**Q** 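This is the structure, below, for whatever I ask next.
Here the structure is a predicted model, which means the values were calculated and not measured.
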Amino acid sequence: MRMRITATVLAVCATLTVAAASPAPTVKAARVMENLGRGVVAVRSSSTQVLVSWRLLGLDPEGIGFNVYRSTAGGAYVKLNSGVLTGGTNYTDSTADLTRANSYRVTPVVGGQEQAPGGAFTLSAGHAVEPVVRVPLRPGGAVKFVWVGDLDGDGEYDYVVDRQTSPQKLEAYSGDGDFLWEVDLGPNSLNQDNIEPGSSAIDLGHWDGVTVYDFDSDGRAEVALRIADGVRFGDGTTWTHENDARQFMAVLDGRTGALRNWSAVPTTYLADGPMGARLGVAYLNGTTPSLVAYMKNRRDDGAFNLMMGAWKFDGDSLDRQWTWQREGQDAPDGHNTRALDVDGDGTDEIAEIGFVLGGNGSLRYSMGPKGIVHGDRFHIADMDPSRPGLEGYGVQQDNPSGLLEYYYDAANGNVIWRHGGGPGDVGRGMAGDVDPRLPGMEVWSFSGLYNAPTNRLAEPDASLRPWPQLGLWWDGDLTVELLNDGKIEKWDPARPTPSGSLPRLVSTWNHGAVKAAQGGPTLVGDLFGDWREEAVYTNASYDELIVFTTNQPTPHRLYTLAHNPAYRNAMTFKGYMQSHHVDYFLGAGMAAPRRPDITYAP
């Protein structure tokens, strides 16, 4: 018999008042992050070569080296490199018998002493020449988003996948594709309107309602999920409540999909129906993670209620830390949320396109009074390495002043420069270093490619700028490549071409991939291998994840981006999918990044 979790006892929650803002958080210790393994991966880069790649971890000692070993057809492991590898954490194997299976593993070398090997990656016999890792899925419906987290504590990422069925589903798989569990989102996920979705619907428009992270820092990731009546968890129990509009934040066991604990979403705006939600992670105290949520619903007059909140899961209880309501404040929002330390004090803030909340849920600043309104996309990164702190870049939607795009100080919201010429609906905007001739990053929408620090056109002909979709570190240099409409592209400042015809490195459809939301992947992130990024798609039958991973070597050595606090937070958010950024300048002429102030979970 299926167990039902009743929620009648939760009626008292309707009387809860919004938590008052607490004192400003203080940093007490290093940030606790995932205890990742080496993430070894191997792909055939040519008919005769294999690129083997692995992680440099955030806390690896200075001067660490590596040896690469290969086992052929289950035989003994044989070292491939003649001298300890101290450059980029990748190795090209040109001696393998590729008609047989080959397993690769890596051993660290510290102070001349070889350490224990990490986990192995096996390349099957006669494997295709492709920059791809394929992960099997059960047959099912279309997939919009994929999340990663170490669900089983083995140091490598596993996958959580949505299914855009009626009702919707959420599925979990090991990194090798072993099915773990399913959550049925129930009858309240049948309403899949992208503006006013059902109370348990996920992944519609700029809503997601799901994120994955190790919230209690025990070495295994949980799944955070907004739930309502009728949601059936991975262990078969069902959540019930007499009011279909009532919503709750839930934390599920990453290994089983069973409910660990829950907390009621405040009922402040319940009269206007359920709230869509965007979920992610922030270290509001600088040490341990919190679940943060951006939530909205629509009033009868067409306007929107906006509430943001934070919850803490300690392995037992899930407690709401604070909520913030916009009400009459001039605080412009958009379709993306970012969480990072904008002022360098060690604690994270929560950023929207036009305002930033402090870690205690108070409004740190708003750019509304500076003429910023709603827009689709924004970025925060170290765009100008010669200037202290981080910078932001955003685009605007039909700003009545004619503002199209703007560049600002991320710590205080002061606008450094702005470009007008509208009003216009600027639907895309991108930031990244694509021109090594100029200092720092470039930023661009449709008005031209600008060098951010100097506010000068990097390419005078606006039609020759790259398309402003997603960035992706892929090839061997430090400038960013571009992921646009299923194509991995490279903009060449010495030989610029029109936006729609950039030189192409990979066409994802040639490897069976189909595009997901907004013509993009289901996930971009540094999932395994060295610091370059992976892009996750599905095949047309939705029974396989196709994970694109670089097949090009690099001499550059950087610790895994997943151990950079700003980048790892960004991997937990969806919305209108955007590029992730580290909190240091990553580009041509960069300085070596500082060791991250982190410690590993057990």
Side-chain angles (χ1 to χ4, degrees), residues 135-149 157-173 177 179 181-186 188-212 223-227 231 252 257 276-280 293-296 334-337 376-377 427-428 469-470 472 483-486 508-509 512-525 527 534-548 570-580:
V135 180
L137 303 177
R138 299 192 310 172
V143 174
K144 180 177 180 180
F145 287 143
V146 172
W147 299 260
V148 292
Y157 284 134
D158 306 300
Y159 301 95
V160 176
V161 177
D162 71 9
R163 295 288 192 174
Q164 295 298 309
T165 50
S166 292
Q168 295 173 314
K169 305 290 178 62
L170 200 63
E171 298 173 347
Y173 295 85
F179 173 74
W181 49 260
E182 174 190 274
V183 167
D184 186 322
L185 278 303
N188 285 305
S189 69
L190 298 177
N191 172 10
Q192 297 175 13
D193 182 82
N194 71 325
I195 297 176
E196 298 180 273
S199 54
S200 63
I202 62 171
D203 300 349
L204 304 164
H206 67 173
W207 310 118
D208 47 58
V210 181
T211 199
V212 177
V223 177
L225 176 67
R226 183 183 74 337
I227 63 170
V231 171
L252 311 185
R278 201 156 62 223
L279 305 185
Y294 162 104
M295 299 174 286
K296 267 181 140 179
H335 298 291
N336 304 99
T337 303
D376 280 3
R377 286 166 169 80
R428 300 286 187 275
Q469 180 66 352
L470 289 170
L472 183 76
L483 181 58
N484 167 38
D485 198 31
T508 59
W509 56 86
V514 297
K515 292 173 286 187
Q518 301 168 319
T522 63
L523 170 69
V524 169
L527 308 186
E534 282 69 47
V536 183
Y537 291 79
T538 68
N539 62 358
S541 300
Y542 306 114
D543 59 5
E544 182 180 66
L545 295 180
I546 303 176
V547 185
F548 288 85
M571 283 175 61
T572 67
F573 286 96
K574 299 296 186 180
Y576 287 177
M577 191 175 292
Q578 288 291 271
S579 299
H580 312 320

**Q** Quick check: do Q192 and S166 have side-chain heavy atoms less than 4.5 Å from each other?
**A**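 Q192 reaches S166 side chain to side chain.
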**Q** I'd like to know if the side chain of E534 reaches the main chain of F548, judged simply by a donor and an acceptor atom lying under 3.5 Å from each other, with no hydrogens or angles considered.
**A** no
**Q** To the nearest 0.5 Å, what is the distance between CD (Q164) and CD1 (I202)?
**A** 6.5 Å
**Q** Could you tell me the separation between the CG atom of D208 and the CZ atom of R278, rounded to the nearest 0.5 Å?
**A**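 The distance works out to 7.5 Å.
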**Q** Salt bridge check, R138 against E182: does any charged N sit closer than 4.0 Å to a carboxylate O?
**A**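 Here E182 pairs with R138 in a salt bridge, since their nearest N and O are under 4.0 Å apart.
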**Q** Under the side chain to side chain contact (heavy atoms under 4.5 Å, CB included) criterion, do V514 and N539 qualify, and how do the steps go?
**A** CA-CA 6 Å; V514 297; N539 62 358; 6.0 Å; no
**Q** Which value, rounded to the nearest 0.5 Å, describes the distance between D184 atom CG and S189 atom OG?
**A** 6.5 Å
**Q** Which atoms form the tightest heavy-atom contact between Y537 and G486, and what is the distance?
**A**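 What the structure gives for the nearest pair is OH-CA, 3.8 Å.
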**Q** Angle between ring planes, W207 versus Y294, binned at 30° and 60°: parallel, tilted or perpendicular?
**A**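 Aromatic pair W207/Y294 classed tilted.
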**Q** With no hydrogens and no angle check, do the side chains of Q469 and R428 hold a donor and an acceptor under 3.5 Å apart?
**A**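 Yes.
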**Q** Between atom NE2 of H206 and atom CE of M577, what is the distance when rounded to the nearest 0.5 Å?
**A**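 H206 atom NE2 to M577 atom CE measures 15.0 Å (nearest 0.5 Å).
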**Q** Please confirm whether the backbone N or O of G525 pairs with a side-chain atom of H580, one donor and one acceptor, at under 3.5 Å?
**A** no
**Q** Under the side chain to side chain contact (heavy atoms under 4.5 Å, CB included) criterion, do Q168 and L204 qualify, and how do the steps go?
**A** CA-CA 11 Å; Q168 295 173 314; L204 304 164; 4.0 Å; yes
**Q** Any chance you could measure L185, atom CG, to R163, atom CZ, to the nearest 0.5 Å?
**A**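 Taking CG in L185 and CZ in R163, the distance rounds to 13.5 Å.
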**Q** Determine yes or no for a side-chain-to-main-chain donor-acceptor pair under 3.5 angstrom, with S541 supplying the side chain and D543 the backbone.
**A** no
**Q** For V148 and M571: C-alpha separation, side-chain torsions, deciding distance, then whether side chain to side chain contact (heavy atoms under 4.5 Å, CB included) applies.
**A** CA-CA 8 Å; V148 292; M571 283 175 61; 3.7 Å; yes
**Q** Could you please spell out the steps behind the side chain to side chain contact (heavy atoms under 4.5 Å, CB included) verdict for I546 and T538?
**A** CA-CA 5 Å; I546 303 176; T538 68; over 6 Å; no
**Q** Return each pair, listed once, that meets salt bridge (Lys or Arg N to Asp or Glu O under 4.0 Å) where at least one residue sits in residues 512-523; pairs must be two or more places apart or across chains.
**A** D485-K515
**Q** Looking at Y157, F179, Y159, which one forms a ring pair (Phe, Tyr, Trp, His ring centres under 6.0 Å) with Y173?
**A**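 With Y173 as partner, Y157, F179, Y159 yield a single ring pair (Phe, Tyr, Trp, His ring centres under 6.0 Å), made by F179.
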**Q** Taking all non-hydrogen atoms of both residues, which atom of N336 and which atom of K574 are closest, and how far apart?
**A** ND2-O, 4.0 Å
**Q** What's the shortest heavy-atom distance between V231 and S200, and which atoms?
**A**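 Result for this residue pair: CG2-CB, 3.8 Å.
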**Q** Supply the atom-to-atom distance T211 OG1 to L225 CG, rounded to the nearest 0.5 angstrom.
**A** 10.5 Å
**Q** Where do P521 and L483 come nearest, in terms of heavy atoms and distance?
**A** CG-CD2, 3.8 Å
**Q** Tell me the closest heavy-atom pair linking V146 and L545, and the distance in Å.
**A** CG2-CD2, 4.0 Å
**Q** Could you check whether any side-chain N or O of N191 sits under 3.5 Å from a backbone N or O of D193, counting only pairs where one atom can act as donor and the other as acceptor?
**A**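 Flag set: sc N191 to bb D193 pair under 3.5 Å.
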**Q** Considering only heavy atoms from C-beta outward, does the side chain of W181 approach that of E171 to under 4.5 Å?
**A** no
**Q** Quick one: does any side-chain atom of D162 pair with a main-chain N or O of F145 as donor and acceptor, under 3.5 Å?
**A**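 Here the side-chain-to-backbone pair exists.
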**Q** So, for V210 and V223, which heavy atoms are closest and what is the spacing to 0.1 Å?
**A**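 So the two residues come closest at CG1-CG1, 4.1 Å.
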